[in-house]
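We name chains A, B, ... by the order of the sequence lines, and we start the count at 1 in each one.
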Amino acid sequence: MEDGAQVVILGPAFFRRPAPEVARDLLGKVLVRVDGGVRRAARLVEVEAYHGPRDRASHARRGPTPRAAIMYGPPGVAYVYLIYGTSHCLNVVTGLPGEPSAVLLRAAEPLEGCLHGPRGPGNLCRALAVTRARHDGMDLSGAELFLLDAPPPPERVVATPRVNVESAGPAWARRRWRFLLRGSPWVSGPRPR
DNA sequence: GCCACGATAGTG
DNA sequence: ACTATCGTGGCG
(Lines give C-alpha, C1' and ligand atoms only; values in the text may rest on other atoms or scores of the structure.)
Protein backbone atom coordinates (compact mmCIF):
# COMPACT_ATOMS: atom_id res chain seq x y z
CA MET A 1 0.00 0.00 0.00
CA GLU A 2 2.92 2.33 0.51
CA ASP A 3 4.42 1.17 -2.78
CA GLY A 4 2.07 3.08 -5.05
CA ALA A 5 -0.83 0.63 -5.07
CA GLN A 6 -4.09 2.45 -4.51
CA VAL A 7 -5.92 1.67 -1.30
CA VAL A 8 -9.62 1.19 -2.01
CA ILE A 9 -12.15 0.29 0.65
CA LEU A 10 -15.01 -1.84 -0.67
CA GLY A 11 -18.29 0.06 -0.41
CA PRO A 12 -22.01 -0.64 -0.72
CA ALA A 13 -21.83 -0.88 -4.53
CA PHE A 14 -19.59 -3.95 -4.21
CA PHE A 15 -22.01 -5.63 -1.84
CA ARG A 16 -25.23 -4.66 -3.64
CA ARG A 17 -25.23 -7.86 -5.70
CA PRO A 18 -26.37 -11.46 -5.22
CA ALA A 19 -24.51 -13.10 -2.33
CA PRO A 20 -22.89 -15.92 -4.33
CA GLU A 21 -21.40 -13.35 -6.69
CA VAL A 22 -20.14 -11.16 -3.88
CA ALA A 23 -18.78 -14.19 -2.03
CA ARG A 24 -16.70 -15.31 -4.95
CA ASP A 25 -15.35 -11.81 -5.49
CA LEU A 26 -14.41 -11.43 -1.83
CA LEU A 27 -11.69 -14.06 -2.06
CA GLY A 28 -8.29 -12.42 -1.86
CA LYS A 29 -9.68 -9.21 -0.35
CA VAL A 30 -8.21 -8.03 2.92
CA LEU A 31 -10.30 -7.72 6.05
CA VAL A 32 -8.98 -5.01 8.35
CA ARG A 33 -9.92 -4.47 11.98
CA VAL A 34 -8.58 -1.38 13.69
CA ASP A 35 -8.52 -2.33 17.36
CA GLY A 36 -7.71 0.79 19.31
CA GLY A 37 -4.31 1.71 17.93
CA VAL A 38 -3.63 -1.78 16.65
CA ARG A 39 -4.29 -2.86 13.12
CA ARG A 40 -5.24 -6.48 12.52
CA ALA A 41 -5.59 -7.77 8.99
CA ALA A 42 -6.13 -11.00 7.10
CA ARG A 43 -6.68 -12.05 3.50
CA LEU A 44 -9.90 -13.95 2.80
CA VAL A 45 -9.45 -17.50 1.54
CA GLU A 46 -12.86 -19.05 2.28
CA VAL A 47 -16.42 -17.63 2.28
CA GLU A 48 -20.00 -18.86 2.03
CA ALA A 49 -23.13 -17.27 0.51
CA TYR A 50 -26.53 -17.35 2.22
CA HIS A 51 -28.96 -16.08 -0.32
CA GLY A 52 -32.63 -15.14 -0.26
CA PRO A 53 -35.62 -15.96 1.95
CA ARG A 54 -35.98 -19.46 0.50
CA ASP A 55 -32.44 -20.59 1.37
CA ARG A 56 -33.24 -23.15 4.09
CA ALA A 57 -29.70 -22.90 5.44
CA SER A 58 -29.99 -19.16 5.99
CA HIS A 59 -30.89 -17.42 9.22
CA ALA A 60 -33.36 -15.46 7.12
CA ARG A 61 -35.37 -18.62 6.41
CA ARG A 62 -37.91 -17.71 9.11
CA GLY A 63 -38.31 -14.13 7.98
CA PRO A 64 -36.99 -10.91 9.54
CA THR A 65 -36.71 -12.18 13.13
CA PRO A 66 -34.82 -9.91 15.55
CA ARG A 67 -31.55 -11.68 14.82
CA ALA A 68 -31.91 -11.99 11.06
CA ALA A 69 -33.56 -8.63 10.35
CA ILE A 70 -30.18 -7.11 9.61
CA MET A 71 -29.89 -9.39 6.59
CA TYR A 72 -32.88 -7.56 5.14
CA GLY A 73 -31.21 -4.21 5.52
CA PRO A 74 -28.73 -2.28 3.39
CA PRO A 75 -25.63 -4.03 2.02
CA GLY A 76 -22.15 -3.52 3.40
CA VAL A 77 -23.14 -3.94 7.04
CA ALA A 78 -21.69 -6.52 9.45
CA TYR A 79 -23.91 -9.31 10.73
CA VAL A 80 -22.25 -10.96 13.73
CA TYR A 81 -23.85 -13.70 15.79
CA LEU A 82 -22.91 -16.15 18.51
CA ILE A 83 -23.00 -19.83 17.64
CA TYR A 84 -23.00 -22.75 20.08
CA GLY A 85 -22.55 -20.27 22.87
CA THR A 86 -18.85 -20.31 22.15
CA SER A 87 -17.93 -18.77 18.81
CA HIS A 88 -18.73 -15.64 16.86
CA CYS A 89 -19.39 -15.60 13.11
CA LEU A 90 -18.86 -12.53 10.92
CA ASN A 91 -20.97 -11.95 7.82
CA VAL A 92 -21.33 -9.12 5.33
CA VAL A 93 -24.87 -8.20 4.32
CA THR A 94 -25.31 -8.24 0.54
CA GLY A 95 -27.96 -7.58 -2.10
CA LEU A 96 -30.72 -5.01 -2.20
CA PRO A 97 -32.63 -4.01 0.94
CA GLY A 98 -35.54 -6.42 1.30
CA GLU A 99 -33.57 -9.34 -0.19
CA PRO A 100 -32.10 -11.13 2.82
CA SER A 101 -28.62 -12.34 2.01
CA ALA A 102 -25.13 -12.32 3.43
CA VAL A 103 -21.67 -13.76 3.03
CA LEU A 104 -20.11 -15.64 5.93
CA LEU A 105 -16.37 -15.02 6.22
CA ARG A 106 -15.02 -18.46 7.08
CA ALA A 107 -11.25 -18.28 6.89
CA ALA A 108 -8.36 -16.01 6.06
CA GLU A 109 -4.60 -15.85 5.83
CA PRO A 110 -3.11 -13.81 8.69
CA LEU A 111 -1.28 -10.69 7.54
CA GLU A 112 -0.92 -8.41 10.51
CA GLY A 113 -1.74 -8.25 14.23
CA CYS A 114 -3.81 -11.42 14.35
CA LEU A 115 -4.53 -12.74 17.85
CA HIS A 116 -5.15 -16.28 16.61
CA GLY A 117 -5.08 -18.32 13.43
CA PRO A 118 -8.07 -17.09 11.37
CA ARG A 119 -9.00 -20.59 10.18
CA GLY A 120 -12.75 -21.18 10.58
CA PRO A 121 -15.49 -18.57 11.22
CA GLY A 122 -15.10 -18.54 14.99
CA ASN A 123 -11.33 -18.44 14.83
CA LEU A 124 -11.42 -15.61 12.30
CA CYS A 125 -13.44 -13.50 14.74
CA ARG A 126 -11.07 -14.38 17.56
CA ALA A 127 -8.07 -13.47 15.40
CA LEU A 128 -9.41 -10.02 14.58
CA ALA A 129 -11.21 -9.38 17.89
CA VAL A 130 -14.61 -9.18 16.24
CA THR A 131 -17.57 -9.59 18.58
CA ARG A 132 -21.31 -9.43 18.32
CA ALA A 133 -21.57 -6.81 21.04
CA ARG A 134 -19.26 -4.43 19.24
CA HIS A 135 -19.62 -5.17 15.55
CA ASP A 136 -23.11 -6.48 14.81
CA GLY A 137 -24.75 -3.84 12.63
CA MET A 138 -21.53 -1.93 12.09
CA ASP A 139 -20.98 -0.36 8.69
CA LEU A 140 -18.16 -2.18 6.97
CA SER A 141 -16.94 0.90 5.18
CA GLY A 142 -16.06 2.62 8.43
CA ALA A 143 -12.79 3.30 10.20
CA GLU A 144 -12.81 0.29 12.52
CA LEU A 145 -13.79 -2.60 10.28
CA PHE A 146 -13.45 -2.63 6.50
CA LEU A 147 -12.44 -4.63 3.45
CA LEU A 148 -9.64 -3.57 1.15
CA ASP A 149 -9.91 -4.17 -2.53
CA ALA A 150 -7.23 -6.34 -4.10
CA PRO A 151 -6.51 -7.74 -7.53
CA PRO A 152 -8.08 -11.10 -8.38
CA PRO A 153 -6.18 -13.77 -6.46
CA PRO A 154 -3.61 -15.87 -8.34
CA GLU A 155 -4.96 -19.05 -6.76
CA ARG A 156 -7.72 -21.05 -8.38
CA VAL A 157 -11.22 -20.41 -6.98
CA VAL A 158 -13.11 -23.58 -6.07
CA ALA A 159 -16.88 -23.78 -5.39
CA THR A 160 -18.11 -26.49 -3.01
CA PRO A 161 -21.22 -27.21 -0.91
CA ARG A 162 -21.48 -25.21 2.31
CA VAL A 163 -20.25 -26.62 5.60
CA ASN A 164 -22.63 -27.98 8.27
CA VAL A 165 -25.92 -27.18 6.58
CA GLU A 166 -27.24 -30.72 6.25
CA SER A 167 -30.36 -29.80 8.20
CA ALA A 168 -31.38 -27.48 5.38
CA GLY A 169 -32.19 -30.52 3.26
CA PRO A 170 -30.34 -31.94 0.28
CA ALA A 171 -31.45 -29.36 -2.27
CA TRP A 172 -29.91 -26.50 -0.33
CA ALA A 173 -27.08 -28.46 1.23
CA ARG A 174 -25.63 -29.42 -2.11
CA ARG A 175 -25.63 -25.91 -3.58
CA ARG A 176 -22.05 -24.88 -4.25
CA TRP A 177 -22.13 -21.60 -2.39
CA ARG A 178 -18.88 -22.06 -0.52
CA PHE A 179 -15.90 -20.56 -2.26
CA LEU A 180 -12.27 -21.07 -1.38
CA LEU A 181 -8.79 -20.54 -2.75
CA ARG A 182 -7.31 -23.86 -3.69
CA GLY A 183 -4.04 -24.68 -2.02
CA SER A 184 -4.41 -22.25 0.87
CA PRO A 185 -3.38 -23.86 4.16
CA TRP A 186 -5.81 -21.54 5.94
CA VAL A 187 -8.98 -23.01 4.47
CA SER A 188 -11.16 -24.68 7.13
CA GLY A 189 -13.17 -27.86 6.91
CA PRO A 190 -13.28 -30.20 3.94
CA ARG A 191 -10.80 -29.37 1.20
CA PRO A 192 -11.19 -30.44 -2.40
CA ARG A 193 -8.00 -31.80 -3.92
C1' DG B 1 -41.93 -19.38 30.39
C1' DC B 2 -39.72 -23.48 28.45
C1' DC B 3 -36.91 -26.13 25.51
C1' DA B 4 -34.52 -27.99 21.42
C1' DC B 5 -31.16 -26.69 18.52
C1' DG B 6 -27.35 -24.67 16.03
C1' DA B 7 -23.54 -21.18 9.37
C1' DT B 8 -18.17 -24.17 15.73
C1' DA B 9 -13.91 -25.78 17.70
C1' DG B 10 -11.23 -28.59 20.41
C1' DT B 11 -10.36 -33.06 22.18
C1' DG B 12 -10.12 -38.24 21.97
C1' DA C 1 -17.40 -39.05 17.50
C1' DC C 2 -18.41 -36.22 21.58
C1' DT C 3 -19.54 -32.00 23.83
C1' DA C 4 -19.21 -27.16 25.99
C1' DT C 5 -22.28 -23.29 26.25
C1' DC C 6 -25.92 -19.64 25.45
C1' DG C 7 -28.76 -16.84 22.23
C1' DT C 8 -32.53 -17.50 19.19
C1' DG C 9 -36.91 -18.70 17.90
C1' DG C 10 -40.97 -21.94 18.03
C1' DC C 11 -44.56 -23.06 20.75
C1' DG C 12 -47.94 -22.95 24.62
Applying side-chain contact (heavy atoms from CB on, under 4.5 Å), can you list everything that pairs with L82(A), at least two apart in sequence or on another chain? H88(A)
Using the side-chain contact (heavy atoms from CB on, under 4.5 Å) criterion, which residues pair with P12(A)? Sequence neighbours excluded. R16(A), S141(A)
Side-chain heavy atoms nearer than 4.5 Å, only ILVMFWY residues, links allowed to pass through others: does that put V30(A) and L90(A) together? no
Does R33(A) reach the main-chain N or O of A129(A) with its side chain, forming a donor-acceptor pair under 3.5 Å? yes
Carboxylate-amine/guanidinium contact R175(A) D55(A), below 4.0 Å: no
Given the ring of Y50(A), does R162(A) sit roughly above its face, with NZ or CZ under 6.0 Å from the centre of the six-membered ring and within 45° of the axis? yes
If you define the side chain from C-beta out and look only at heavy atoms, does anything of R182(A) sit under 4.5 Å from P192(A)? no
Check R43(A) with E155(A), please: is the shortest side-chain N to carboxylate O separation under 4.0 Å? yes
Are there any protein N/O atoms within less than 3.5 Å of an N/O atom in nucleotides 10-12 of chain B, and if so, which ones and at what distance?
from: dG10(B); atom 1: OP1; to: R126(A); atom 2: NH2; distance (Å): 2.8

Does D35(A) offer a backbone N or O that forms a donor-acceptor pair with the side chain of E144(A) under 3.5 Å? no
Counting a pair only when it is Watson-Crick or G-U and both distances are under 3.5 Å, which runs of at least 3 such pairs involve DNA chain C? B:1-6 with C:6-11, B:8-11 with C:1-4
For R61(A), does the CZ atom sit with more than 12 other heavy atoms under 6.0 Å from it, leaving out its own atoms? yes
Shared-cluster residues of V163(A), by chain and number - hydrophobic side chains joined below 4.5 Å: none
Spacing of the P atoms in dT5(C) and dC2(B) (rounded, Å): 22 Å
Residues within residues 79-92 of chain A bordering DNA chain C, heavy-atom distance below 4.0 Å: L82(A), Y84(A), G85(A), T86(A)
Can you name the side chain to side chain donor-acceptor pair (under 3.5 Å) partners of R119(A), sequence neighbours left out? none
Does the K29(A) side chain pair with the main chain of L147(A), one donor and one acceptor, at a distance under 3.5 Å? no
Does anything in residues 105-115 of chain A reach DNA chain C, meaning a heavy atom under 4.0 Å, and if so which residues? none
Taking the six-membered ring of F15(A) as reference, does the NZ or CZ atom of R17(A) fall below 6.0 Å from its centre and within a 45° cone about the axis? no
Between residues 157-189 of chain A and DNA chain C, which residues have a heavy-atom gap below 4.0 Å? none
Of all nucleotides in DNA chain C with an atom under 4.0 Å from a non-hydrogen atom of chain A, which is the first and which the last going 5' to 3'? dT5(C) to dG10(C)
Looking at side-chain heavy atoms only, is the closest gap between P118(A) and C125(A) below 4.5 Å? no
Just to be sure I understand the geometry, which residues of residues 42-69 of chain A put a non-hydrogen atom under 4.0 Å away from DNA chain B? Y50(A), A57(A), H59(A)
For L128(A), does its backbone N or O pair with a side-chain atom of R40(A) as donor and acceptor, under 3.5 Å? no
For salt bridge (Lys or Arg N to Asp or Glu O under 4.0 Å), just list the numbers for E112(A) and R39(A), CA-CA rounded to whole Å, side-chain angles, deciding distance to a tenth of an Å, and then say yes or no. CA-CA 7 Å; E112(A) 183 183 354; R39(A) 183 177 162 113; 3.5 Å; yes
What is the separation between atom CG on L124(A) and atom P on dA7(B), rounded to the nearest whole Å? 17 Å
Establish, from distance only, whether the side-chain atoms of E109(A) and S184(A) form a donor-acceptor pair under 3.5 Å. no
Which one of L148(A), L31(A), L26(A) satisfies the side chain to side chain contact (heavy atoms under 4.5 Å, CB included) criterion with L10(A)? L26(A)
Who passes ring pair (Phe, Tyr, Trp, His ring centres under 6.0 Å) against Y81(A), sequence neighbours left out? H59(A), Y79(A)
